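The structure under discussion appears below in the form of structure tokens.
Here the structure is a predicted model, which is why all the values come from computation and not from measurement.
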Amino acid sequence: MWLTVLIIAIIIGAIIGFASSDEGERGAGALGGAFVVGMGCLQVLVRIFIFGLTIMAVLWLFGKLFG
């Protein structure tokens, strides 16, 4: 599921980069847009993953301390 979200974001970024570039620079604009949006989406997904791991670690610690 996360890979699907990342791929969709990259495709949208490529379309926006292609549409907003000048006539001769469309390929570079599409590549730049896809790269920037892909990195931003990946950063958000990694932060969500780390947040989930943190919650699991805290719950495990409370279980060990008080369980």
Side-chain angles (χ1 to χ4, degrees):
M1 180 175 150
W2 296 109
L3 187 60
T4 306
V5 171
L6 185 63
I7 290 173
I8 290 171
I10 289 172
I11 291 170
I12 291 171
I15 291 170
I16 291 172
F18 180 82
S20 64
S21 295
D22 293 332
E23 192 66 34
E25 299 291 323
R26 297 225 185 243
L31 180 65
F35 182 74
V36 168
V37 171
M39 286 293 120
C41 184
L42 187 63
Q43 179 185 10
V44 169
L45 292 177
V46 167
R47 286 179 185 240
I48 291 171
F49 178 73
I50 291 173
F51 179 74
L53 283 179
T54 304
I55 294 295
M56 289 174 49
V58 167
L59 290 176
W60 175 80
L61 183 63
F62 274 122
K64 288 293 182 181
L65 290 174
F66 302 114

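Going from atom CD1 of Ile15 over to atom CD1 of Ile10 covers 12.5 Å, rounded to the nearest 0.5 Å. In this structure, OG1 on Thr54 lies 12.0 Å from CZ on Arg47, to the nearest 0.5 angstrom. Note: Leu59 CG to Lys64 NZ = 13.5 Å, rounded to the nearest 0.5 Å. The structure places CG of Leu42 at 10.0 Å from CZ of Phe35, a figure rounded to the nearest 0.5 Å. The CD1 atom of Ile12 sits 12.5 Å away from the CD1 atom of Ile7 when rounded to the nearest 0.5 Å.
Following chains of ILVMFWY side-chain contacts shorter than 4.5 Å, one can reach Leu61 starting from Phe66, so the two form part of one hydrophobic cluster. Hydrophobic cluster membership is shared by Met39 and Leu6, with clusters built from Ile, Leu, Val, Met, Phe, Trp and Tyr side chains linked at under 4.5 angstrom. Residues Ile11 and Val36 do not share a hydrophobic cluster, clusters being chains of Ile/Leu/Val/Met/Phe/Trp/Tyr side chains in contact below 4.5 Å. In the hydrophobic cluster analysis, where Ile, Leu, Val, Met, Phe, Trp and Tyr join through side-chain heavy atoms closer than 4.5 angstrom, Val58 is grouped together with Leu65. Residues Leu53 and Ile55 do not share a hydrophobic cluster, defined by chaining ILVMFWY side chains whose heavy atoms lie under 4.5 Å apart.
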Kindly list each side-chain donor-acceptor pair under 3.5 angstrom involving residues 21-33, sequence neighbours excluded, with atom names and distances?
residue, atom, partner, partner atom, Å
Ser21, OG, Gly17, O, 2.6
Glu23, OE1, Arg26, NH2, 3.4
Arg26, NH1, Phe18, O, 2.8

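Phe51 pairs by the ring-ring contact (aromatic ring centres under 6.0 Å, His included) definition with nothing, not counting sequence neighbours.
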